[in-house]
Amino acid sequence: MRILVISDVHANLTALEEVLADAGEVDGVWCLGDLVGYGPDPNECIERIRRLPNLTCVLGNHDAAVLGRLEFEVFNQDARSALQWTQETLSEASWRFLKSLPERVVIGEVTLVHGSPRQPVWEYLLDLQTVHDNFRFFDTPFCFVGHTHLPTIFHRGALDIFPFAGYLPPNQAIQLTPREIVNPGSVGQPRDRDPRAAYALYDTETRVFEHRRVTYDIAAVQERMRKARLPLRHIERLSLGW
Ligand code: ZN
């Protein structure tokens, strides 16, 4: 099956639409959380995502915060005001959809979580020691994560050796080999200094994973963010990709 893997859409409908158009026909969609927060289109993004074919979606930390399950205090000031705005803007239907999302899903050979297999909603996989420890917290050959907004692959061999970490090059098909933790990057707010929307295509039969980048109309999103009076820092960072 050809699967579209998306994460950290963060209420950026323009980026999401470009990703969906670029991906073309797929058999299913795996969404790794953080549908809202930062961006100006929370309801539109949720509405679009929930109608995608064969959707499997997990809960992110921003989604959890909007639902009142995480204290706003754990976020920085700008993220907090964006969350506040999102909470006020969210429709009843959007709220219900977010509330229905599980924190962790196992689908075939892959475990899906937002942050890490140990702490699905909150933990960041940014250093090798943390990654190493996390391999004990899932049983499937692969685990797909989001949360850092960095397209990365962590490989662990048969022995208890330190994981190998690599940046996923765009538009290059990679053959996954057990066991690996893979991050497709962020659709709505990339942080690897490449402002293009990031996503991946995954073939469940061949285990080929392709990280892709696509340009979108960043200025249009920034304009909507300005109108919504969202934090300036979040508006500016979209053009820089961090
Ligand atoms: Zn995020």
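We count ligands from 1, going down the list as the structure has it; atoms in each ligand are counted the same way. The chain is numbered in sequence order, starting from 1.
- With the Zn ion (ligand 1) as the vertex, OD2 of D34 and OD1 of D8 span 90° to the nearest 10°.
- Under 2.8 Å from the Zn ion (ligand 1) lies an N/O/S atom of H10, whether from backbone or side chain.
- No hydrogens or angles considered: nothing links the side chains of D34 and H147 as a donor-acceptor pair under 3.5 Å.
- Remark: D41 pairs with R224 by the side-chain hydrogen bond (donor to acceptor under 3.5 Å, both in side chains) rule, at least two apart or across chains.
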Donor-acceptor contacts under 3.5 Å from residues 229-242 side chains, at least two apart:
unit_1: R233; atom_1: NH1; unit_2: D78; atom_2: OD2; d: 3.3
unit_1: R237; atom_1: NE; unit_2: W242; atom_2: O; d: 2.8
unit_1: R237; atom_1: NH2; unit_2: W242; atom_2: O; d: 3.3
unit_1: S239; atom_1: OG; unit_2: Q222; atom_2: NE2; d: 2.6
unit_1: S239; atom_1: OG; unit_2: E236; atom_2: O; d: 3.4

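- Minimum-distance N/O/S atom of H149 relative to the Zn ion (ligand 1): NE2.
- Using a cutoff of 4.0 Å between basic side-chain nitrogens and carboxylate oxygens, E17 and R48 are scored as salt-bridged.
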